[in-house]
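Both backbone and side-chain heavy atoms feed into the values below; hydrogens, waters and symmetry mates do not. Each ligand, and each atom within it, is numbered from 1 in the order the structure gives. All figures in this text were calculated on a predicted structure; none of them were measured in a lab.
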Amino acid sequence: MQTDSSFTFVLFGGTGDLSMRKILPALYEAHRAGMLEASGKIIAVARHEEDRNGYLQWVNEHVKAHVSKNGIDENAWSSFLERIEYVKLDLGKAEDFVKLRDAMQDLPGTRVFYLATGPSLFVPICRALASVGLNENARIVLEKPLGYDLRSSNAINDAVGEIFAEGQIYRIDHYLGKEPVQNLLALRFGNALFEPLWRREWVESIQITIAEELGVEARGDFYDNTGALRDMVQNHLLQLLSIVAMEPPHSMDSDSVRDEKLRVLRALKPIDPRDIGKVAVRGQYHAGVIRGASVPAYATEPGVKTDSATETFVALKVEIENWRWAGVPFFLRTGKRLADRVAEIVVNFRAVPHSALGSSAPRPGANRLVIRLQPNETIRLYCLAKKPGEGMNLSSVHLDLAFDQFFKEGQMEAYQRLLLDVIHGRLALFVRRDEQEAAWKWVEPILNEWAASGKPKPYAAGTWGPAAASAMLAQHDTCWLEEEN
Ligand code: BG6
(Lines give C-alpha, C1' and ligand atoms only; values in the text may rest on other atoms or scores of the structure.)
Protein backbone atom coordinates (compact mmCIF):
# COMPACT_ATOMS: atom_id res chain seq x y z
CA MET A 1 0.00 0.00 0.00
CA GLN A 2 1.53 3.30 -1.06
CA THR A 3 0.59 6.29 1.03
CA ASP A 4 0.33 9.88 -0.13
CA SER A 5 1.78 11.57 2.91
CA SER A 6 5.31 12.71 2.60
CA PHE A 7 7.42 13.14 5.70
CA THR A 8 10.82 13.86 7.14
CA PHE A 9 11.56 11.70 10.15
CA VAL A 10 14.26 13.17 12.35
CA LEU A 11 15.67 10.69 14.81
CA PHE A 12 17.42 12.21 17.83
CA GLY A 13 19.58 9.61 19.56
CA GLY A 14 20.21 8.13 16.12
CA THR A 15 23.14 6.00 17.29
CA GLY A 16 21.45 4.84 20.50
CA ASP A 17 20.28 1.39 21.45
CA LEU A 18 16.58 2.09 20.91
CA SER A 19 17.18 3.43 17.41
CA MET A 20 19.18 0.35 16.48
CA ARG A 21 16.93 -2.25 18.10
CA LYS A 22 13.46 -0.85 17.49
CA ILE A 23 13.05 2.36 15.52
CA LEU A 24 15.20 1.78 12.44
CA PRO A 25 14.09 -1.88 12.11
CA ALA A 26 10.45 -0.73 12.28
CA LEU A 27 11.02 1.94 9.64
CA TYR A 28 12.77 -0.63 7.45
CA GLU A 29 9.81 -3.03 7.77
CA ALA A 30 7.39 -0.27 6.82
CA HIS A 31 9.59 0.62 3.85
CA ARG A 32 9.89 -3.00 2.73
CA ALA A 33 6.12 -3.38 2.89
CA GLY A 34 5.69 -0.28 0.68
CA MET A 35 3.98 1.65 3.46
CA LEU A 36 6.22 4.71 3.37
CA GLU A 37 5.81 7.47 0.84
CA ALA A 38 8.69 7.17 -1.66
CA SER A 39 10.00 10.68 -1.03
CA GLY A 40 10.01 10.31 2.77
CA LYS A 41 13.42 10.92 4.36
CA ILE A 42 15.00 9.85 7.62
CA ILE A 43 17.55 12.18 9.20
CA ALA A 44 19.49 10.57 12.02
CA VAL A 45 20.90 13.04 14.48
CA ALA A 46 23.61 12.38 17.06
CA ARG A 47 26.73 13.87 18.58
CA HIS A 48 29.11 11.42 16.94
CA GLU A 49 31.65 12.79 14.53
CA GLU A 50 30.40 10.87 11.50
CA ASP A 51 29.55 11.46 7.89
CA ARG A 52 26.63 9.84 6.09
CA ASN A 53 28.70 6.87 4.93
CA GLY A 54 30.06 6.27 8.40
CA TYR A 55 26.54 6.32 9.81
CA LEU A 56 25.22 3.93 7.16
CA GLN A 57 28.01 1.55 7.99
CA TRP A 58 26.97 1.77 11.63
CA VAL A 59 23.38 1.01 10.63
CA ASN A 60 24.53 -1.95 8.55
CA GLU A 61 26.42 -3.33 11.51
CA HIS A 62 23.90 -2.66 14.26
CA VAL A 63 20.41 -2.66 12.78
CA LYS A 64 20.30 -5.66 10.46
CA ALA A 65 20.48 -8.11 13.36
CA HIS A 66 17.26 -6.66 14.81
CA VAL A 67 15.16 -6.83 11.69
CA SER A 68 12.29 -9.25 12.20
CA LYS A 69 11.71 -12.85 11.38
CA ASN A 70 11.22 -12.05 7.67
CA GLY A 71 14.95 -11.41 7.42
CA ILE A 72 16.51 -8.87 5.13
CA ASP A 73 15.50 -8.30 1.54
CA GLU A 74 18.77 -6.88 0.19
CA ASN A 75 17.08 -4.76 -2.49
CA ALA A 76 14.67 -3.26 0.00
CA TRP A 77 17.53 -2.74 2.44
CA SER A 78 19.63 -0.75 0.00
CA SER A 79 16.69 1.42 -1.08
CA PHE A 80 15.91 1.95 2.62
CA LEU A 81 19.45 3.19 3.23
CA GLU A 82 18.98 5.72 0.44
CA ARG A 83 16.36 7.44 2.56
CA ILE A 84 18.79 8.05 5.41
CA GLU A 85 20.85 11.17 6.01
CA TYR A 86 23.01 11.96 9.01
CA VAL A 87 23.42 15.27 10.79
CA LYS A 88 25.98 15.65 13.55
CA LEU A 89 24.43 17.85 16.15
CA ASP A 90 25.67 19.16 19.44
CA LEU A 91 22.76 20.18 21.61
CA GLY A 92 24.65 23.12 23.06
CA LYS A 93 25.34 24.67 19.66
CA ALA A 94 22.61 26.82 18.17
CA GLU A 95 24.35 26.73 14.77
CA ASP A 96 23.89 22.94 14.63
CA PHE A 97 20.12 23.40 14.70
CA VAL A 98 20.42 25.89 11.87
CA LYS A 99 22.31 23.16 10.01
CA LEU A 100 19.45 20.75 10.71
CA ARG A 101 16.89 23.27 9.49
CA ASP A 102 18.91 23.78 6.31
CA ALA A 103 19.06 20.05 5.75
CA MET A 104 15.26 19.95 5.99
CA GLN A 105 14.60 23.08 3.99
CA ASP A 106 13.52 21.56 0.70
CA LEU A 107 11.98 18.40 2.09
CA PRO A 108 8.21 18.29 1.69
CA GLY A 109 5.53 17.02 4.05
CA THR A 110 5.19 16.47 7.75
CA ARG A 111 8.12 16.79 10.07
CA VAL A 112 8.43 14.16 12.74
CA PHE A 113 10.96 14.62 15.52
CA TYR A 114 11.50 11.42 17.45
CA LEU A 115 13.33 11.93 20.73
CA ALA A 116 14.95 8.59 21.45
CA THR A 117 17.02 10.24 24.15
CA GLY A 118 16.92 10.50 27.92
CA PRO A 119 14.08 12.67 29.27
CA SER A 120 16.51 15.32 30.52
CA LEU A 121 17.09 16.26 26.85
CA PHE A 122 13.44 16.58 25.86
CA VAL A 123 13.02 20.21 26.86
CA PRO A 124 16.39 21.49 25.56
CA ILE A 125 15.77 19.78 22.20
CA CYS A 126 12.23 21.21 21.90
CA ARG A 127 13.46 24.71 22.74
CA ALA A 128 16.29 24.49 20.24
CA LEU A 129 13.88 23.27 17.53
CA ALA A 130 11.58 26.19 18.25
CA SER A 131 14.47 28.64 18.13
CA VAL A 132 14.92 27.81 14.43
CA GLY A 133 11.20 27.54 13.69
CA LEU A 134 11.19 23.76 13.33
CA ASN A 135 8.24 23.30 15.69
CA GLU A 136 5.76 24.35 13.01
CA ASN A 137 3.95 21.73 10.95
CA ALA A 138 5.72 19.19 13.14
CA ARG A 139 5.04 16.24 15.41
CA ILE A 140 7.16 15.37 18.37
CA VAL A 141 7.49 11.83 19.70
CA LEU A 142 8.51 11.37 23.32
CA GLU A 143 9.82 8.04 24.53
CA LYS A 144 9.27 6.84 28.05
CA PRO A 145 10.27 7.40 30.80
CA LEU A 146 8.59 10.78 30.72
CA GLY A 147 9.75 11.98 34.08
CA TYR A 148 10.38 10.26 37.36
CA ASP A 149 7.21 11.20 39.20
CA LEU A 150 4.19 13.47 38.81
CA ARG A 151 6.16 16.63 39.47
CA SER A 152 8.98 15.93 37.02
CA SER A 153 6.60 14.67 34.36
CA ASN A 154 4.50 17.83 34.73
CA ALA A 155 7.61 19.95 34.42
CA ILE A 156 8.50 18.27 31.11
CA ASN A 157 4.93 18.41 29.83
CA ASP A 158 4.59 22.08 30.75
CA ALA A 159 7.81 23.03 28.99
CA VAL A 160 7.13 20.91 25.89
CA GLY A 161 3.55 22.23 25.90
CA GLU A 162 4.82 25.79 25.50
CA ILE A 163 6.36 24.80 22.20
CA PHE A 164 4.09 22.09 20.81
CA ALA A 165 0.30 21.88 21.06
CA GLU A 166 -1.05 18.69 22.69
CA GLY A 167 -2.20 17.50 19.25
CA GLN A 168 1.41 17.57 18.05
CA ILE A 169 2.74 15.47 20.94
CA TYR A 170 2.97 11.68 20.58
CA ARG A 171 3.84 10.00 23.90
CA ILE A 172 4.80 6.45 23.05
CA ASP A 173 3.76 3.43 25.07
CA HIS A 174 4.77 0.58 22.78
CA TYR A 175 2.35 -1.83 24.46
CA LEU A 176 -0.49 0.09 22.83
CA GLY A 177 0.93 -0.79 19.43
CA LYS A 178 0.89 -4.54 19.99
CA GLU A 179 -1.46 -6.37 17.66
CA PRO A 180 -3.35 -8.30 20.38
CA VAL A 181 -4.07 -5.06 22.24
CA GLN A 182 -5.74 -3.81 19.08
CA ASN A 183 -7.53 -7.09 18.89
CA LEU A 184 -8.83 -6.70 22.39
CA LEU A 185 -10.64 -3.59 21.17
CA ALA A 186 -11.98 -5.54 18.18
CA LEU A 187 -13.08 -8.39 20.43
CA ARG A 188 -14.84 -6.14 22.90
CA PHE A 189 -16.42 -3.61 20.58
CA GLY A 190 -16.85 -5.62 17.37
CA ASN A 191 -18.81 -8.50 18.90
CA ALA A 192 -22.05 -8.49 20.81
CA LEU A 193 -20.97 -11.69 22.53
CA PHE A 194 -18.54 -10.53 25.19
CA GLU A 195 -19.66 -7.04 26.08
CA PRO A 196 -22.75 -8.03 28.11
CA LEU A 197 -20.52 -10.30 30.24
CA TRP A 198 -17.78 -7.71 30.65
CA ARG A 199 -18.85 -6.40 34.05
CA ARG A 200 -18.99 -7.08 37.75
CA GLU A 201 -22.07 -9.33 37.55
CA TRP A 202 -20.16 -11.88 35.43
CA VAL A 203 -16.49 -11.24 36.01
CA GLU A 204 -14.92 -12.39 39.23
CA SER A 205 -11.40 -11.08 38.78
CA ILE A 206 -8.95 -9.99 36.10
CA GLN A 207 -5.22 -10.65 35.96
CA ILE A 208 -2.74 -8.74 33.83
CA THR A 209 0.81 -10.08 33.75
CA ILE A 210 3.91 -8.89 31.94
CA ALA A 211 6.65 -11.33 32.91
CA GLU A 212 10.16 -11.18 31.54
CA GLU A 213 13.02 -13.66 31.63
CA LEU A 214 15.54 -10.93 30.89
CA GLY A 215 17.23 -9.05 33.69
CA VAL A 216 18.29 -5.43 33.50
CA GLU A 217 20.80 -6.10 30.70
CA ALA A 218 23.12 -3.13 30.18
CA ARG A 219 20.66 -0.72 31.80
CA GLY A 220 21.52 -1.33 35.47
CA ASP A 221 22.29 2.30 36.14
CA PHE A 222 19.01 3.56 34.68
CA TYR A 223 16.95 0.75 36.15
CA ASP A 224 18.30 1.09 39.66
CA ASN A 225 16.94 4.65 39.75
CA THR A 226 13.67 3.57 38.21
CA GLY A 227 12.32 0.20 39.37
CA ALA A 228 9.46 -1.89 38.03
CA LEU A 229 6.66 0.37 39.28
CA ARG A 230 7.88 3.30 37.19
CA ASP A 231 9.27 1.22 34.32
CA MET A 232 6.24 -1.01 33.72
CA VAL A 233 3.25 -0.32 35.96
CA GLN A 234 2.79 3.45 35.64
CA ASN A 235 2.65 3.07 31.87
CA HIS A 236 2.26 -0.36 30.21
CA LEU A 237 0.20 -2.13 32.88
CA LEU A 238 -2.11 0.78 33.64
CA GLN A 239 -2.62 1.36 29.92
CA LEU A 240 -3.57 -2.30 29.43
CA LEU A 241 -5.88 -2.09 32.41
CA SER A 242 -7.59 0.99 31.03
CA ILE A 243 -8.20 -0.75 27.69
CA VAL A 244 -9.60 -3.84 29.37
CA ALA A 245 -11.88 -1.83 31.63
CA MET A 246 -12.97 1.16 29.54
CA GLU A 247 -16.51 1.84 28.39
CA PRO A 248 -17.27 1.45 24.69
CA PRO A 249 -16.02 4.63 23.02
CA HIS A 250 -18.33 6.52 20.72
CA SER A 251 -15.82 6.06 17.86
CA MET A 252 -12.20 5.04 17.40
CA ASP A 253 -11.03 8.59 16.96
CA SER A 254 -8.18 9.56 19.19
CA ASP A 255 -10.01 11.56 21.80
CA SER A 256 -12.98 9.22 22.12
CA VAL A 257 -10.69 6.32 23.00
CA ARG A 258 -8.44 8.38 25.24
CA ASP A 259 -11.38 9.99 27.07
CA GLU A 260 -12.65 6.53 28.00
CA LYS A 261 -9.22 5.34 29.15
CA LEU A 262 -8.86 8.47 31.22
CA ARG A 263 -12.17 7.78 32.97
CA VAL A 264 -10.84 4.41 34.09
CA LEU A 265 -7.56 5.86 35.31
CA ARG A 266 -9.42 8.50 37.29
CA ALA A 267 -11.70 5.87 38.78
CA LEU A 268 -8.85 3.77 40.19
CA LYS A 269 -9.44 3.41 43.90
CA PRO A 270 -6.76 5.48 45.62
CA ILE A 271 -4.42 3.40 47.70
CA ASP A 272 -4.35 4.25 51.37
CA PRO A 273 -0.69 4.19 52.46
CA ARG A 274 -1.72 2.09 55.47
CA ASP A 275 -3.01 -0.63 53.13
CA ILE A 276 -0.01 -0.86 50.87
CA GLY A 277 1.27 -3.99 52.60
CA LYS A 278 -2.04 -5.71 51.77
CA VAL A 279 -2.43 -4.68 48.14
CA ALA A 280 1.11 -4.28 46.85
CA VAL A 281 4.05 -6.69 46.80
CA ARG A 282 7.53 -5.72 45.69
CA GLY A 283 10.38 -8.11 45.05
CA GLN A 284 13.98 -8.17 43.94
CA TYR A 285 15.62 -11.14 42.23
CA HIS A 286 18.48 -13.06 43.69
CA ALA A 287 20.72 -15.46 41.82
CA GLY A 288 18.91 -18.37 40.21
CA VAL A 289 18.56 -20.54 37.15
CA ILE A 290 16.57 -19.74 34.01
CA ARG A 291 16.23 -22.40 31.32
CA GLY A 292 19.21 -24.26 32.74
CA ALA A 293 21.54 -21.24 32.88
CA SER A 294 22.67 -19.59 36.11
CA VAL A 295 21.96 -15.91 36.34
CA PRO A 296 23.35 -13.46 38.90
CA ALA A 297 21.48 -11.52 41.57
CA TYR A 298 20.12 -8.09 40.68
CA ALA A 299 22.35 -6.44 43.30
CA THR A 300 25.46 -7.72 41.51
CA GLU A 301 24.46 -6.49 38.04
CA PRO A 302 26.68 -3.73 36.59
CA GLY A 303 25.45 -0.28 37.51
CA VAL A 304 23.33 -1.52 40.44
CA LYS A 305 24.09 -0.59 44.04
CA THR A 306 24.99 -3.64 46.14
CA ASP A 307 22.49 -2.61 48.84
CA SER A 308 19.86 -1.57 46.30
CA ALA A 309 16.23 -1.42 47.46
CA THR A 310 14.91 -1.12 43.90
CA GLU A 311 12.08 -3.47 43.02
CA THR A 312 12.40 -5.76 40.00
CA PHE A 313 8.97 -7.28 40.66
CA VAL A 314 5.59 -5.77 41.49
CA ALA A 315 2.20 -7.36 42.12
CA LEU A 316 -0.82 -5.21 42.90
CA LYS A 317 -4.47 -5.53 43.66
CA VAL A 318 -6.30 -2.68 41.98
CA GLU A 319 -9.96 -1.70 42.16
CA ILE A 320 -12.00 0.52 39.90
CA GLU A 321 -14.66 2.62 41.52
CA ASN A 322 -17.46 2.67 38.98
CA TRP A 323 -20.69 0.78 38.37
CA ARG A 324 -19.20 -1.65 35.90
CA TRP A 325 -16.27 -2.80 38.03
CA ALA A 326 -16.96 -2.03 41.72
CA GLY A 327 -15.66 -4.89 43.85
CA VAL A 328 -13.87 -6.75 41.04
CA PRO A 329 -10.15 -7.14 41.84
CA PHE A 330 -7.68 -6.48 39.03
CA PHE A 331 -4.39 -8.19 39.82
CA LEU A 332 -1.42 -6.66 38.03
CA ARG A 333 2.00 -8.24 37.98
CA THR A 334 5.33 -7.64 36.31
CA GLY A 335 8.89 -8.70 36.95
CA LYS A 336 12.30 -9.34 35.55
CA ARG A 337 14.06 -12.71 35.67
CA LEU A 338 10.81 -14.60 36.10
CA ALA A 339 10.16 -18.20 35.10
CA ASP A 340 8.87 -17.39 31.63
CA ARG A 341 8.46 -14.55 29.17
CA VAL A 342 4.77 -13.99 28.89
CA ALA A 343 2.35 -11.10 28.70
CA GLU A 344 -1.32 -11.91 29.12
CA ILE A 345 -4.68 -10.74 30.31
CA VAL A 346 -6.91 -13.26 32.05
CA VAL A 347 -10.60 -12.53 32.53
CA ASN A 348 -11.99 -14.98 35.08
CA PHE A 349 -15.76 -15.31 34.83
CA ARG A 350 -17.88 -16.22 37.82
CA ALA A 351 -18.84 -19.82 38.47
CA VAL A 352 -22.38 -20.96 37.70
CA PRO A 353 -24.67 -20.21 40.67
CA HIS A 354 -25.73 -23.83 40.99
CA SER A 355 -24.12 -26.91 39.50
CA ALA A 356 -26.94 -29.08 38.16
CA LEU A 357 -24.66 -31.39 36.23
CA GLY A 358 -23.34 -33.58 38.96
CA SER A 359 -22.14 -33.68 42.48
CA SER A 360 -19.09 -31.50 41.98
CA ALA A 361 -19.29 -27.95 43.25
CA PRO A 362 -19.41 -25.05 40.77
CA ARG A 363 -15.85 -24.47 39.62
CA PRO A 364 -14.29 -21.03 39.73
CA GLY A 365 -12.19 -20.33 36.64
CA ALA A 366 -14.13 -22.82 34.52
CA ASN A 367 -14.91 -20.00 32.14
CA ARG A 368 -12.10 -17.65 31.44
CA LEU A 369 -10.80 -15.69 28.53
CA VAL A 370 -7.03 -15.53 28.16
CA ILE A 371 -5.63 -12.89 25.84
CA ARG A 372 -2.00 -13.74 25.23
CA LEU A 373 -0.05 -10.72 24.04
CA GLN A 374 3.28 -12.49 23.71
CA PRO A 375 4.73 -14.86 22.75
CA ASN A 376 2.33 -16.73 20.42
CA GLU A 377 -0.48 -14.22 20.25
CA THR A 378 -3.68 -16.05 20.96
CA ILE A 379 -7.11 -15.56 22.43
CA ARG A 380 -8.28 -18.64 24.28
CA LEU A 381 -11.72 -19.19 25.76
CA TYR A 382 -11.94 -21.87 28.44
CA CYS A 383 -15.22 -23.75 28.98
CA LEU A 384 -16.32 -26.95 30.60
CA ALA A 385 -17.42 -29.83 28.39
CA LYS A 386 -18.56 -33.36 29.04
CA LYS A 387 -15.85 -35.98 28.93
CA PRO A 388 -16.70 -38.72 26.41
CA GLY A 389 -18.12 -41.91 27.88
CA GLU A 390 -20.44 -42.89 30.62
CA GLY A 391 -21.73 -40.44 33.18
CA MET A 392 -21.64 -36.65 33.28
CA ASN A 393 -18.02 -35.83 33.96
CA LEU A 394 -16.87 -32.36 33.11
CA SER A 395 -13.49 -31.40 31.80
CA SER A 396 -11.88 -28.11 30.86
CA VAL A 397 -11.60 -27.48 27.10
CA HIS A 398 -10.72 -24.41 25.14
CA LEU A 399 -11.48 -22.58 21.92
CA ASP A 400 -8.46 -20.91 20.37
CA LEU A 401 -7.83 -18.08 18.01
CA ALA A 402 -4.13 -18.28 17.14
CA PHE A 403 -3.48 -15.17 15.11
CA ASP A 404 -0.44 -16.34 13.17
CA GLN A 405 -2.31 -19.43 12.00
CA PHE A 406 -5.50 -17.64 11.11
CA PHE A 407 -3.94 -14.56 9.54
CA LYS A 408 -0.90 -15.90 7.73
CA GLU A 409 0.53 -12.49 6.97
CA GLY A 410 0.20 -8.81 7.70
CA GLN A 411 1.33 -8.96 11.34
CA MET A 412 3.05 -5.76 12.39
CA GLU A 413 5.47 -5.05 15.20
CA ALA A 414 4.32 -2.46 17.73
CA TYR A 415 6.88 0.15 16.75
CA GLN A 416 6.04 -0.17 13.05
CA ARG A 417 2.37 0.49 13.69
CA LEU A 418 3.09 3.39 16.02
CA LEU A 419 5.61 5.07 13.72
CA LEU A 420 3.17 4.84 10.82
CA ASP A 421 0.53 6.37 13.07
CA VAL A 422 2.82 9.29 13.84
CA ILE A 423 3.57 9.84 10.16
CA HIS A 424 -0.14 9.77 9.36
CA GLY A 425 -1.17 11.90 12.33
CA ARG A 426 -3.19 9.28 14.21
CA LEU A 427 -3.04 9.95 17.93
CA ALA A 428 -5.36 7.28 19.35
CA LEU A 429 -2.55 4.92 20.40
CA PHE A 430 -0.50 7.61 22.12
CA VAL A 431 -0.86 8.65 25.71
CA ARG A 432 -2.51 12.02 26.35
CA ARG A 433 -1.11 14.22 29.06
CA ASP A 434 -4.11 13.88 31.34
CA GLU A 435 -3.89 10.07 31.19
CA GLN A 436 -0.26 10.23 32.13
CA GLU A 437 -0.98 12.52 35.05
CA ALA A 438 -3.76 10.30 36.34
CA ALA A 439 -1.44 7.29 36.22
CA TRP A 440 1.35 9.08 38.08
CA LYS A 441 -1.12 10.32 40.71
CA TRP A 442 -2.32 6.81 41.33
CA VAL A 443 1.12 5.21 41.71
CA GLU A 444 2.64 7.99 43.80
CA PRO A 445 1.48 6.85 47.26
CA ILE A 446 3.11 3.47 46.59
CA LEU A 447 6.32 5.06 45.32
CA ASN A 448 6.46 7.29 48.38
CA GLU A 449 5.75 4.54 50.86
CA TRP A 450 8.30 2.21 49.31
CA ALA A 451 10.93 4.95 49.21
CA ALA A 452 10.32 5.68 52.90
CA SER A 453 10.51 2.23 54.40
CA GLY A 454 11.22 -1.46 53.99
CA LYS A 455 12.90 -3.42 51.24
CA PRO A 456 11.68 -5.64 48.42
CA LYS A 457 11.13 -9.28 49.20
CA PRO A 458 13.75 -11.57 47.68
CA TYR A 459 12.86 -14.10 44.99
CA ALA A 460 15.07 -16.51 43.13
CA ALA A 461 15.58 -15.73 39.45
CA GLY A 462 13.62 -18.23 37.37
CA THR A 463 10.61 -18.31 39.72
CA TRP A 464 7.34 -16.39 39.65
CA GLY A 465 8.38 -13.82 42.25
CA PRO A 466 7.93 -13.64 46.02
CA ALA A 467 5.44 -16.00 47.69
CA ALA A 468 3.58 -12.93 48.98
CA ALA A 469 2.28 -12.33 45.44
CA SER A 470 0.51 -15.70 45.52
CA ALA A 471 -0.69 -15.15 49.08
CA MET A 472 -2.35 -11.90 48.01
CA LEU A 473 -4.49 -13.78 45.48
CA ALA A 474 -5.18 -16.64 47.87
CA GLN A 475 -7.00 -14.15 50.07
CA HIS A 476 -9.46 -13.78 47.22
CA ASP A 477 -9.76 -17.55 46.72
CA THR A 478 -7.88 -17.40 43.46
CA CYS A 479 -4.38 -17.90 42.12
CA TRP A 480 -2.20 -16.78 39.24
CA LEU A 481 -2.98 -18.65 36.07
CA GLU A 482 0.26 -20.67 36.00
CA GLU A 483 -0.41 -21.91 39.55
CA GLU A 484 -3.56 -23.78 38.49
CA ASN A 485 -3.54 -27.60 38.67
C1 BG6 B 1 10.18 -1.27 28.31
C2 BG6 B 1 10.87 -1.36 29.65
O3 BG6 B 1 9.29 -0.19 28.30
O4 BG6 B 1 9.46 -2.48 28.07
C5 BG6 B 1 11.81 -2.56 29.69
O6 BG6 B 1 11.62 -0.18 29.87
C7 BG6 B 1 11.05 -3.82 29.32
O8 BG6 B 1 12.39 -2.69 30.97
C9 BG6 B 1 10.29 -3.64 28.01
O10 BG6 B 1 11.99 -4.87 29.18
C11 BG6 B 1 9.40 -4.83 27.72
O12 BG6 B 1 8.84 -4.70 26.44
P13 BG6 B 1 8.47 -5.98 25.59
O14 BG6 B 1 7.76 -5.45 24.39
O15 BG6 B 1 9.77 -6.66 25.25
O16 BG6 B 1 7.61 -6.84 26.46
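For the pair Arg230 and Tyr148, the distance from NZ or CZ to the six-membered ring centre is under 6.0 Å and the angle to the ring normal is within 45 degrees. Judged by the 6.0 Å and 45° rule, Arg368 forms a cation-pi pair with Tyr382.
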Pairs under 3.5 angstrom, nitrogen or oxygen on both sides, ligand 1 versus protein: list them out, please.
{"unit_1": "ligand 1", "atom_1": "3 (O)", "unit_2": "Lys144", "atom_2": "NZ", "d": "2.7"}
{"unit_1": "ligand 1", "atom_1": "3 (O)", "unit_2": "His236", "atom_2": "NE2", "d": "2.7"}
{"unit_1": "ligand 1", "atom_1": "6 (O)", "unit_2": "Lys144", "atom_2": "NZ", "d": "3.0"}
{"unit_1": "ligand 1", "atom_1": "6 (O)", "unit_2": "Arg219", "atom_2": "NH1", "d": "3.4"}
{"unit_1": "ligand 1", "atom_1": "6 (O)", "unit_2": "Arg219", "atom_2": "NH2", "d": "3.4"}
{"unit_1": "ligand 1", "atom_1": "6 (O)", "unit_2": "Asp231", "atom_2": "OD1", "d": "2.6"}
{"unit_1": "ligand 1", "atom_1": "6 (O)", "unit_2": "Asp231", "atom_2": "OD2", "d": "3.3"}
{"unit_1": "ligand 1", "atom_1": "8 (O)", "unit_2": "Arg219", "atom_2": "NH2", "d": "2.5"}
{"unit_1": "ligand 1", "atom_1": "8 (O)", "unit_2": "Asp231", "atom_2": "OD2", "d": "2.6"}
{"unit_1": "ligand 1", "atom_1": "8 (O)", "unit_2": "Lys336", "atom_2": "NZ", "d": "2.9"}
{"unit_1": "ligand 1", "atom_1": "10 (O)", "unit_2": "Glu212", "atom_2": "OE1", "d": "2.5"}
{"unit_1": "ligand 1", "atom_1": "10 (O)", "unit_2": "Glu212", "atom_2": "OE2", "d": "3.3"}
{"unit_1": "ligand 1", "atom_1": "10 (O)", "unit_2": "Lys336", "atom_2": "NZ", "d": "3.2"}
{"unit_1": "ligand 1", "atom_1": "12 (O)", "unit_2": "His174", "atom_2": "NE2", "d": "3.1"}
{"unit_1": "ligand 1", "atom_1": "14 (O)", "unit_2": "His174", "atom_2": "NE2", "d": "2.8"}
{"unit_1": "ligand 1", "atom_1": "14 (O)", "unit_2": "Lys178", "atom_2": "NZ", "d": "2.7"}
{"unit_1": "ligand 1", "atom_1": "16 (O)", "unit_2": "Tyr175", "atom_2": "OH", "d": "2.5"}
{"unit_1": "ligand 1", "atom_1": "16 (O)", "unit_2": "Gln374", "atom_2": "NE2", "d": "2.7"}

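A salt bridge links Asp259 with Arg432; the closest basic N to acidic carboxylate O contact falls under 4.0 Å.
Of the N and O atoms on the side chains of Glu435 and Ser242, not one donor lies less than 3.5 Å from an acceptor on the other residue.
The shortest distance between side-chain heavy atoms of Phe9 and Val422 does not fall below 4.5 Å.
Atom NZ of Lys178 sits about 13.5 Å away from atom CG of Leu429, to the nearest 0.5 Å.
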